[in-house]
Protein chains: 2
Amino acid sequence: MVEYSISELDATFGALSDPTRRALLATLVLGEATVGELARPHEISLAAISKHIQILERAGLVRRRRIGRTHHISLEASPLLDAFGWLGAYQDFWDESLDSLAGLLERRS
Amino acid sequence: MVEYSISELDATFGALSDPTRRALLATLVLGEATVGELARPHEISLAAISKHIQILERAGLVRRRRIGRTHHISLEASPLLDAFGWLGAYQDFWDESLDSLAGLLERRS
DNA sequence: TGAATATTCAACCATATGGTTAACAATAAG
DNA sequence: CTTATTGTTAACCATATGGTTGAATATTCA
């Protein structure tokens, strides 16, 4: 089993635990965007979005490039990949688990 | 893109954001265990472990079977699979992202 | 210079974690 | 019946989120 840095996964999974932040990432996968552009589809205040972006930034999920007065935000791949890798270690477990579920369903029919 | 239920992912990623809880899951992947067995390797109080297990339970990551005075905890696959699936939607992005990194490194050499 | 725009920061509030210790409940065993 | 054992619950404390509104900052534009 691969070893994963503790606190990075903490921050990554913590950042992913909020639906607004997951929506921001889903927007950013389409390409870079400014804070204002990111905020527009959401009903909460710009300040709230700003705080969400700071959390994503601290988790390394996002990078910020200042151009004049606008901040351009872009998605950063590696923490997502790490989280994916961590979960992947459980793949055997759920394969097995779903197989035995399938087995149960089969025996029932 | 597949749609994912909002609040379930909230709870799943939230539960995964703590290293103690991730360690509990890593133990449980080896098989069912009692609360006491789960607590033993950790230095924090049993009450703290009990609360962690409740959070895992609320997130559906774990099930509890009471046998007499002991509680037997077992891992539940599907929320992990859902989280894995959500992250998998970003696979194209990080493939591309890592490719372009590789490209950069190549051009530099 | 002065006004508009893009964002952050500060202060505040409510709720959730993450931990503690102490008390309670339920079951097992002497 | 009394005492251990296994866990949960309660009360408490500190810190992080998630949101608000209002003020401060930094650019850009007229």
Side-chain angles (χ1 to χ4, degrees), chain A residues 6-28 31-75 79 83, chain B residues 6-28 31-75 79 83:
Chain A
I6 287 183
S7 57
E8 283 187 20
L9 280 176
D10 288 12
T12 302
F13 283 128
L16 294 179
S17 72
D18 179 86
T20 300
R21 286 193 293 266
R22 289 198 304 278
L24 293 175
L25 296 181
T27 299
L28 287 170
E32 199 177 73
T34 67
V35 174
E37 286 164 358
L38 287 170
R40 200 156 310 125
H42 299 276
E43 293 195 323
I44 61 181
S45 67
L46 188 62
I49 295 288
S50 175
K51 289 209 273 184
H52 280 303
I53 293 175
Q54 287 172 42
I55 290 172
L56 291 170
E57 207 176 1
R58 255 186 282 147
L61 283 162
V62 131
R63 273 178 43 205
R64 181 189 305 256
R65 203 164 43 96
R66 251 152 289 226
I67 300 184
R69 65 187 158 184
T70 68
H71 296 208
H72 294 246
I73 311 298
S74 57
L75 192 53
Chain B
I6 287 183
S7 58
E8 282 188 21
L9 281 175
D10 288 12
T12 302
F13 283 129
L16 294 178
S17 72
D18 179 86
T20 300
R21 286 194 293 267
R22 288 198 304 276
L24 294 175
L25 296 181
T27 300
L28 288 171
E32 200 179 73
T34 69
V35 173
E37 287 164 358
L38 288 170
R40 200 157 308 126
H42 300 275
E43 294 195 322
I44 61 180
S45 68
L46 186 61
I49 295 287
S50 175
K51 289 209 273 182
H52 280 303
I53 294 176
Q54 288 171 42
I55 289 172
L56 291 170
E57 209 178 1
R58 255 184 283 148
L61 282 162
V62 131
R63 274 177 42 203
R64 182 189 303 257
R65 203 164 42 96
R66 250 150 289 227
I67 299 184
R69 65 185 160 188
T70 69
H71 296 209
H72 295 247
I73 310 298
S74 57
L75 191 51

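Hydrogens, waters and symmetry mates play no part in the numbers below; they use all other heavy atoms, side chains included. Throughout, a chain's letter reflects where its sequence line sits, starting with A, and its residues are numbered from 1.
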B/S/- along nucleotides 4-11 of chain D (protein heavy atoms under 4.0 Å) is BBSBSB--

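The outermost nucleotides of DNA chain C lying under 4.0 Å from heavy atoms of chain B, listed 5' to 3', are C/dT17 to C/dA28.
Rounding to the nearest 0.5 Å places OG1 of A/T20 at 9.0 Å from CG of B/D10. Between atom OG1 of residue B/T34 and atom CZ of residue B/R69 there is a gap of 11.5 Å, rounded to the nearest 0.5 Å. Separating the CG atom in B/L38 from the CD1 atom in B/I53 is a distance of 5.0 Å, to the nearest 0.5 Å. Taking CG of B/L9 as the start and CG of A/D18 as the end, the distance is 11.5 Å to the nearest 0.5 Å. Note that CD of B/E37 is 10.5 Å distant from CD1 of B/I73, once rounded to the nearest 0.5 Å.
With sequence neighbours excluded, the residues satisfying side-chain contact (heavy atoms from CB on, under 4.5 Å) with A/R65 are A/E32, A/I67, A/H72.
Listed for the B/R58 side chain is no donor-acceptor partner under 3.5 Å among the backbone atoms of B/A15. Put simply, the side chain of B/R22 gets close to the backbone of B/L16: a donor and an acceptor are under 3.5 Å apart.
The residue among A/G68 and A/A48 whose nearest nucleotide of DNA chain D lies closer to the 5′ end is A/A48.
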